[in-house]
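Worth saying up front: this structure is predicted, and the values here are computed from it rather than measured.
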Amino acid sequence: MRRSRILTITAAIFGLGLAFAAPAGAASPSVQLGGATTTAAPATCVYTKQAPADRFKGLPTFDPKRAAQPYTVVLHTTQGDITFQALTTAAPCTTNSFRFLAQHGYYDQTHCHRLTTQRIFVLQCGDPTGTGSGGPGYAFPDENLTGATYPAGTVAMANAGPNTNGSQFFFTWADTTLHPNFTPFGRVISGMDVLRKIAAAGEDDQNSVGDGYPTLFVGFRHVQIVAH
């Protein structure tokens with residue numbers, strides 16, 4: 001079953017609730033600012049097969065020692081480079097998956113399909129289909145949620161509910177208030193000017209006012225892992 005991970009605003013700014021819009025018959029991923037339940041860090045990291053399997057690269061293996069090794073990510077985009085530090089200690093299951101996908105070329109020649117410029121301030125990427133419904137063929141648990149916040153420069157997972165992480169992720173280009181339901185796994189260390197440039201150019205409102213496809217095309221020419 002395909003699950004759309006395109007967010008739509010469904011409540012007023014006070015008590016704001018955000019929900020993913022899903023095609024008819026698909027389960028609806030959600031982002032809630034109120035009344036949401038958070039999930040503790042997983043005791044074990046398990047990657048479970050799950051449709052869809054777009055550009056399937058297999059299942060990652062999890063070795064705690066290797067997963068803890070620090071690295072940075074350089075995203076060579078059509079709008080400039082964005083670099084973030086992977087939070088391998090706080091979110092080892094997530095960063096292990098991201099490293100696996102990037103090293104297998106999963107994100108290369110994909111693009112960011114969604115930009116929000118009102119209420120929440122995110123650039124959403126990581127879907128090889130560019131529709132908001134794509135995934136890598138597996139899911140894995142949430143982690144690093146206790147006390148999670150989403151200031152400008154956060155890199156976090158998009159999801160379809162608890163423990164449904166796949167390949168889609170988002171950057172916050174300005175401070176954003178969300179309930180701690182989205183695993184933060186990176187911090188931008190270079191390229192905030194690129195994110196702000198993308199945001200300043202706006203989007204097409206195809207989902208709702210302030211929520212749509214970025215005006216500036218944001219393609220990933222190559223996603224590079226730099227081990228420390």
Side-chain angles (χ1 to χ4, degrees), residues 1-10 16-23 26-33 36-39 47 50-55 73 75 82 84 86-87 91 93-95 97-98 101-102 106-107 110-117 119-145 148-150 153-174 176-188 195 198-199 203 206-208 211-214 218 220 223:
M1 179 182 294
R2 280 190 184 271
R3 302 184 179 198
S4 173
R5 295 165 194 259
I6 296 178
L7 300 154
T8 57
I9 296 170
T10 59
L16 182 65
L18 305 176
F20 289 91
S28 179
S30 64
V31 179
Q32 297 293 333
L33 293 187
T37 301
T38 62
T39 305
Y47 303 105
Q50 178 176 292
D54 302 298
R55 299 182 72 176
V73 180
L75 300 109
I82 302 168
F84 71 84
L87 305 179
C93 193
T94 306
T95 54
S97 171
F98 191 93
L101 291 174
Y106 183 87
Y107 293 115
T110 67
H111 64 273
C112 300
H113 61 275
R114 186 217 177 200
L115 174 70
T116 62
T117 58
R119 298 180 176 87
I120 64 170
F121 309 103
V122 305
L123 177 68
Q124 190 169 333
C125 316
D127 174 6
T129 73
T131 65
S133 300
Y138 63 85
F140 58 92
D142 300 322
E143 58 188 342
N144 195 30
L145 296 183
T149 59
Y150 305 90
T154 298
V155 189
M157 295 301 296
N159 63 48
N163 303 312
T164 59
N165 301 291
S167 62
Q168 292 191 45
F169 63 96
F170 61 89
F171 301 96
T172 55
W173 58 267
T176 294
T177 301
L178 293 168
H179 268 283
N181 294 340
F182 307 92
T183 295
F185 71 96
R187 173 69 56 195
V188 174
L195 290 171
I198 294 164
E203 40 67 43
Q206 67 175 251
N207 301 318
S208 65
D211 185 344
Y213 190 85
V218 187
F220 293 157
V223 176

Exercise. Is there a side-chain contact between Asn165 and Ser97 (heavy atoms, below 4.5 Å)?
Worked result: no
Problem set entry | Distance, nearest 0.5 Å, that separates OG1 of Thr172 from CD1 of Ile120 | 10.5 Å
Problem set entry | Gly166 to Leu101 - nearest heavy-atom pair and separation | O-CD1, 4.4 Å
Exercise. For Thr129 and Gly134, which heavy atoms make the closest approach, and how far apart are they?
Worked result: OG1-N, 3.7 Å
Problem set entry | Ile82 side, atom CD1; Cys125 side, atom SG - distance, nearest 0.5 Å | 7.0 Å
For this session: Please answer whether the main-chain N or O of Gly132 pairs with a side-chain N or O of Gln168 as donor and acceptor at a distance below 3.5 Å.
Result: yes
Exercise. Which atom pair, heavy atoms only, marks the closest approach of Phe185 to Met157?
Worked result: CE2-SD, 3.5 Å
Problem set entry | OG1 on Thr176 to CZ on Arg119, rounded to 0.5 Å | 13.0 Å
Problem set entry | Within-4.5 Å side-chain heavy-atom neighbours: Leu178 and Phe170 | yes
Seminar exercise, completed: Closest non-hydrogen contact found for Leu145 with Pro184 is CD2-CD, 4.3 Å
Seminar exercise, completed: Those residues at least two apart in sequence (or on a different chain) that pass ring-ring contact (aromatic ring centres under 6.0 Å, His included) with Tyr47 are Tyr138, Phe140
Exercise. For Tyr107, what residues pass the ring-ring contact (aromatic ring centres under 6.0 Å, His included) criterion, not counting sequence neighbours?
Worked result: Phe98, Phe169
Exercise. Do the side chains of Thr154 and Arg187 get nearer than 4.5 Å, heavy atoms only?
Worked result: yes
Exercise. Heavy-atom distance under 4.5 Å between the side chains of Gln124 and Thr116, does that happen here?
Worked result: no
Exercise. Any sub-3.5 Å donor-acceptor pair from Glu143's side-chain atoms to Cys93's backbone N or O?
Worked result: yes
Exercise. For the residue pair Leu115 and Glu203, what are the closest heavy atoms and their distance?
Worked result: O-CG, 3.4 Å
For this session: Output the distance between atom CG (Asn159) and atom CG (Asn181), rounded to the nearest 0.5 Å.
Result: 7.0 Å
Exercise. Which residues satisfy the side-chain hydrogen bond (donor to acceptor under 3.5 Å, both in side chains) test with Thr95, sequence neighbours excluded?
Worked result: none
For this session: Ignoring hydrogens and angles, tell me if any N or O in the side chain of Thr110 forms a donor-acceptor pair with the backbone of Gly126 under 3.5 Å.
Result: no
Exercise. With Tyr150, which of Phe121, Phe171, Phe182 fulfils side-chain contact (heavy atoms from CB on, under 4.5 Å)?
Worked result: Phe182
Exercise. Would a distance-only check, ignoring hydrogens and angles, find a side-chain to backbone donor-acceptor pair under 3.5 Å from Asp142 to Pro162?
Worked result: no
Exercise. Between His113 and Tyr213, which heavy-atom pair has the shortest distance, and what is it?
Worked result: O-CD1, 3.5 Å
For this session: Side-chain contact test, heavy atoms from C-beta onward, threshold under 4.5 Å: evaluate it for Thr117 versus Trp173 and give yes or no.
Result: yes
Exercise. Thr94 versus Asn144: any side-chain heavy-atom pair under 4.5 Å?
Worked result: no
